[in-house]
S.K.: 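Here it is, the structure, as structure tokens.
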Amino acid sequence: MTKSKHMALALAFGLAATVVQAQDMRIGLQEDPDVLDPDQSRTFVGRIVYASMCDKLVDITPDLEIIPQLATGWEWSEDGLTLTMTLREGVTFHDGTAFNAEAVAANIDRSQNLPESRRKSELSSITGVEVIDDYTIAFTLGAPDATLLAQFADRSGMMLSPTAFEEAGIDFGLNPVCSGPFSFVERIQQDRIVLEAYDGYWNAEAINVDSVTFLPIPDTTVRLANLRAGDLDMLERLAATDVASVQGDDDLTLEQAVSLGYQGITINVANGVGADNPLGQDARIRQALSLAIDRNVINQVVFEGAFAPGNQPFPPTSPWYNDAYPVPERDIEAARALLAEAGFADGIDITVQVANNPVQQQMMQVVQAMVSEAGINIELQSKEFATLLADQSAGEYQASQVGWSGRVDPDGNIHQFMTTEGGINDSGYSNPEIDRLLDEARTSTDPEVRAASYNAARDILIEELPIVYLYHVTWIWALDDAIEGFVPYPDGMIRLEGVTITE
């Protein structure tokens, strides 16, 4: 929306050319979220919606420091087996239910015991919960867990109304009730999610808009066109190819932050009948696939050098990145040799599902062309993102181009994907030694001990390749220039505290 259009609207509604309170913030998302239940969901865009709707026990700063949110303070016992938290007083859920220690205990119980919960592995270290008083709660651990506070900074720490989830059961996601700055109004699948400012929010003075509407628009070109036309105020994941165009537009602003996560190809190795094929059963074929890909070319051709080539769950900027395994050079001859050794000297056909947005499809078309030179013929299956994830979970896929937005603690990028009981282990990968190493990494607060465990796990995973890592993104947001106060975070979330729409 141009400045003249903004002014025309302001005059039409009799608004002063200052901060506008009674406005809707319209945000374009790359996909439609899955179920709006933090215990069941797994999409990145779902977490963006939760950032406006569901406060957590703790949050992070842009520098990745863990800070208070619903918990105002915490203390560890000397043996690391008890975490005691002091909770914020005067907080209510959107249905009026009081937030207190009993509510926290009920949330942890749900996350650990709801049959459909994906948070079980994230909270597996908690063996007991004690309500000390209304605003003090203690968590007893079976073993020290260096990751727990970071888990509480994400979906495992999102607090839901016990009244609402006990009444709704498995259908809680149809009408989610949390305690964040905005409450749920409606959802029309594939069209919009509407939230309105919650008058009873404990930090209401930081909220300057009356409502926020999330609009899933998979096509990046259409998403940007909607922003320029004034139909959006902000979009997430601007295409890297559009950065220069936005930077040259006086009516738009650009924000960026290096992500914590990765993009790759998840391969079904033991998740139902979808794994019953040579790619899933023979690591040599997976190694050949990886060797046939030039990750640097992907970054230059598809992302104009804005991202970082990758071959690990941690980006090269992370202290947990293993320098012993640099991004491999493309080696077509080595890939062909591995295929021949596996019995496919004449080539092999594989199927990879990919989200129905232009960026991911273009990227996989580049991969498709690259690996064909080694005799790997990829058939691409384009799917709506929530459908893609549902098929992954059900094991109804052979390989899937999918990523992970990343977590503050390294455990969040690997444990739940690679351990036998991991909540998002769509590969069905299982290796007792990997389980031992990644569980061991959770129990130490010594970075050197943890790094040794992750490196030992990497020695194994680089050979078995249940996930072929490709690159690490930079989050890029485009905003109407009337938006002020937005702060980019490495987790890719859109936090609306302090954000205003001005004229």
Side-chain angles (χ1 to χ4, degrees), residues 19-39 41-62 67 69-70 88 91-95 99 153-161 164 172-188 191-217 232-237 255 257 405 475 477-480 483-501:
V19 175
V20 179
Q21 297 295 327
Q23 286 199 14
D24 173 50
M25 175 77 74
R26 298 152 301 173
I27 300 175
L29 302 178
Q30 185 165 290
E31 300 103 13
D32 195 32
D34 57 352
V35 58
L36 292 178
D37 180 343
D39 281 327
S41 65
R42 58 177 295 174
T43 56
F44 173 67
V45 286
R47 291 175 62 225
I48 293 177
V49 175
Y50 295 146
S52 291
M53 189 169 62
C54 302
D55 275 2
K56 303 158 293 190
L57 291 174
V58 297
D59 201 6
I60 62 171
T61 68
I67 57 174
Q69 194 167 67
L70 290 176
R88 189 175 300 278
V91 176
T92 59
F93 293 99
H94 300 148
D95 61 359
F99 168 77
D154 207 274
R155 280 179 287 219
S156 290
M158 292 176 186
M159 294 290 105
L160 321 177
S161 165
F172 174 83
L174 298 177
N175 185 25
V177 181
C178 297
S179 64
F182 296 87
S183 61
F184 179 80
V185 175
E186 69 169 346
R187 177 180 192 175
I188 299 175
D191 183 71
R192 64 183 180 270
I193 295 170
V194 182
L195 311 180
E196 66 181 5
Y198 175 47
D199 290 340
Y201 185 51
W202 63 270
N203 195 26
E205 64 273 12
I207 303 302
N208 302 301
V209 294
D210 281 358
S211 63
V212 55
T213 300
F214 296 96
L215 301 157
I217 306 172
L232 294 175
D233 298 298
M234 177 189 306
L235 62 82
E236 57 93 15
R237 279 179 288 179
E255 297 287 356
S405 54
W475 302 127
W477 297 268
L479 303 84
D480 187 285
I483 304 300
E484 296 181 356
F486 173 72
V487 178
Y489 278 68
D491 64 359
M493 296 299 98
I494 297 173
R495 292 166 171 84
L496 294 179
E497 289 85 353
V499 174
T500 61
I501 305 176

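Keep in mind it's a predicted model, so treat the numbers as computed, not measured. Index from 1, following the sequence.
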S.K.: Please round to the nearest 0.5 Å and tell me the distance separating atom CZ of Phe182 and atom OG1 of Thr213.
M.R.: 10.0 Å

S.K.: Begin with the C-alpha distance, continue with both residues' side-chain angles, and end with the deciding distance and a verdict on side chain to side chain contact (heavy atoms under 4.5 Å, CB included) for Val212 and Ile27.
M.R.: CA-CA 7 Å; Val212 55; Ile27 300 175; 3.8 Å; yes

S.K.: Is the number of heavy atoms from other residues, nucleotides or ligands within 6.0 Å of CG (Asp199) greater than 12?
M.R.: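 No.
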
S.K.: Are Ser211 and Asp24 close enough that a side-chain donor and a side-chain acceptor fall under 3.5 Å?
M.R.: yes

S.K.: Would you sort out whether Asp210 and Glu196 count as a side chain to side chain contact (heavy atoms under 4.5 Å, CB included), showing the intermediate values?
M.R.: CA-CA 6 Å; Asp210 281 358; Glu196 66 181 5; over 6 Å; no

S.K.: Using the side chain to side chain contact (heavy atoms under 4.5 Å, CB included) definition, which of the options Met159, Gln69, Arg155 pairs with Lys56?
M.R.: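 By the side chain to side chain contact (heavy atoms under 4.5 Å, CB included) criterion, Lys56 pairs with just one of Met159, Gln69, Arg155: Gln69.
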
S.K.: Check for a donor-acceptor pair, side chain of His94 on one end and backbone N or O of Gly200 on the other, with a separation under 3.5 Å.
M.R.: no

S.K.: For the pair Asp32 and Arg187, find out whether any cationic side-chain nitrogen is under 4.0 Å from an anionic carboxylate oxygen.
M.R.: yes

S.K.: Nearest 0.5 Å, please: how far is CG in Leu174 from CD in Glu186?
M.R.: 13.5 Å

S.K.: Within a strict 4.5 Å, meaning less than it, do heavy atoms of the Asp491 and Ser405 side chains meet?
M.R.: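 No, every pair of side-chain atoms sits at 4.5 Å or beyond.
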
S.K.: Rounded to the nearest 0.5 Å, what separates atom CD1 in Ile494 from atom CD1 in Ile48?
M.R.: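 The CD1 atom of Ile48 is 4.5 Å from CD1 of Ile494, to the nearest 0.5 Å.
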
S.K.: Nearest heavy-atom pair of Ser41 and Tyr50: which atoms, and what distance?
M.R.: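 Residues Ser41 and Tyr50, closest heavy atoms: OG-OH, 2.8 Å.
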
S.K.: Under 3.5 Å, is there a donor-acceptor pair between the Thr92 and Tyr201 side chains?
M.R.: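 Note: Thr92 and Tyr201 side chains miss the donor-acceptor criterion.
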
S.K.: Does the ring center of Trp477 lie less than 6.0 Å from the ring center of Tyr489?
M.R.: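 They do not qualify: ring centres at least 6.0 Å apart.
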
S.K.: Rounded to the nearest 0.5 Å, how far does CG of Asn175 lie from CG of Asp37?
M.R.: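 The CG atom of Asp37 sits 12.0 Å away from the CG atom of Asn175.
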
S.K.: Ignoring hydrogens, what is the shortest heavy-atom contact between Val35 and Gly173? Give both atom names and the distance.
M.R.: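 For Val35 and Gly173, the tightest heavy-atom pair comes out as CG2-CA, 3.9 Å.
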
S.K.: Do the side chains of Leu479 and Glu255 get nearer than 4.5 Å, heavy atoms only?
M.R.: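 Result yes, sub-4.5 Å side-chain heavy-atom pair found.
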
S.K.: If I compare all heavy atoms of Ile67 with all of Thr61, which pair ends up nearest, and what's the gap?
M.R.: CG2-CG2, 3.4 Å

S.K.: Is the shortest side-chain heavy-atom distance between Glu236 and Phe214 below 4.5 Å?
M.R.: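 With C-beta onward as the side chain, the pair stays apart.
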
S.K.: Tell me whether the NZ or CZ atom of Arg237 lies within the 45° cone about the ring axis of Trp475 and under 6.0 Å from its centre.
M.R.: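 No; the conditions do not both hold, so Arg237 does not lie above the ring face of Trp475.
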
S.K.: Check whether any side-chain heavy atom of Val185 lies under 4.5 Å from a side-chain heavy atom of Leu195, and answer yes or no.
M.R.: no

S.K.: If you compare all heavy atoms of Pro488 against all heavy atoms of Ala257, which two are closest, and at what distance to 0.1 Å?
M.R.: CB-CB, 4.1 Å

S.K.: Between Asp34 and Arg42 (side chain of the first, backbone of the second, donor and acceptor by atom type, cut-off under 3.5 Å), is there such a pair?
M.R.: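 Answer holds: yes.
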
S.K.: Under 4.0 Å between a Lys/Arg side-chain N and an Asp/Glu carboxylate O for Asp59 and Arg495?
M.R.: yes

S.K.: Measure the spacing between OH of Tyr198 and OG of Ser183 and express it to the nearest 0.5 Å.
M.R.: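 Interatomic distance, Tyr198 OH to Ser183 OG, rounded to 0.5 Å: 8.0 Å.
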
S.K.: Taking C-beta and beyond as the side chain, do Pro33 and Leu36 meet within less than 4.5 Å on heavy atoms?
M.R.: yes

S.K.: Measure the shortest side-chain to side-chain distance between Ile207 and Glu497 over non-hydrogen atoms and say whether it is less than 4.5 angstrom.
M.R.: yes

S.K.: Between the side chains of Asp154 and Arg47, is the shortest nitrogen-to-carboxylate-oxygen separation below 4.0 Å, so that they form an ion pair?
M.R.: yes

S.K.: Any sub-3.5 Å donor-acceptor pair from Asp55's side-chain atoms to Leu70's backbone N or O?
M.R.: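 No; zero donor-acceptor contacts below 3.5 Å.
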
S.K.: Are Asp191 and Leu215 side-chain neighbours, meaning at least one heavy-atom pair lies under 4.5 Å?
M.R.: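 The answer is no; the side chains never approach within 4.5 Å.
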
S.K.: Measure the CE-CG distance between Met25 and Asp480 for me, rounded to the nearest 0.5 Å.
M.R.: 9.5 Å

S.K.: Which atom pair, heavy atoms only, marks the closest approach of Val487 to Pro62?
M.R.: CG1-CG, 3.8 Å

S.K.: Between Gln30 and Pro216, is there a donor-acceptor pair closer than 3.5 Å when you use the side chain of the first and the backbone of the second?
M.R.: no

S.K.: Taking all non-hydrogen atoms of both residues, which atom of Phe172 and which atom of Ala164 are closest, and how far apart?
M.R.: CE1-CB, 3.9 Å

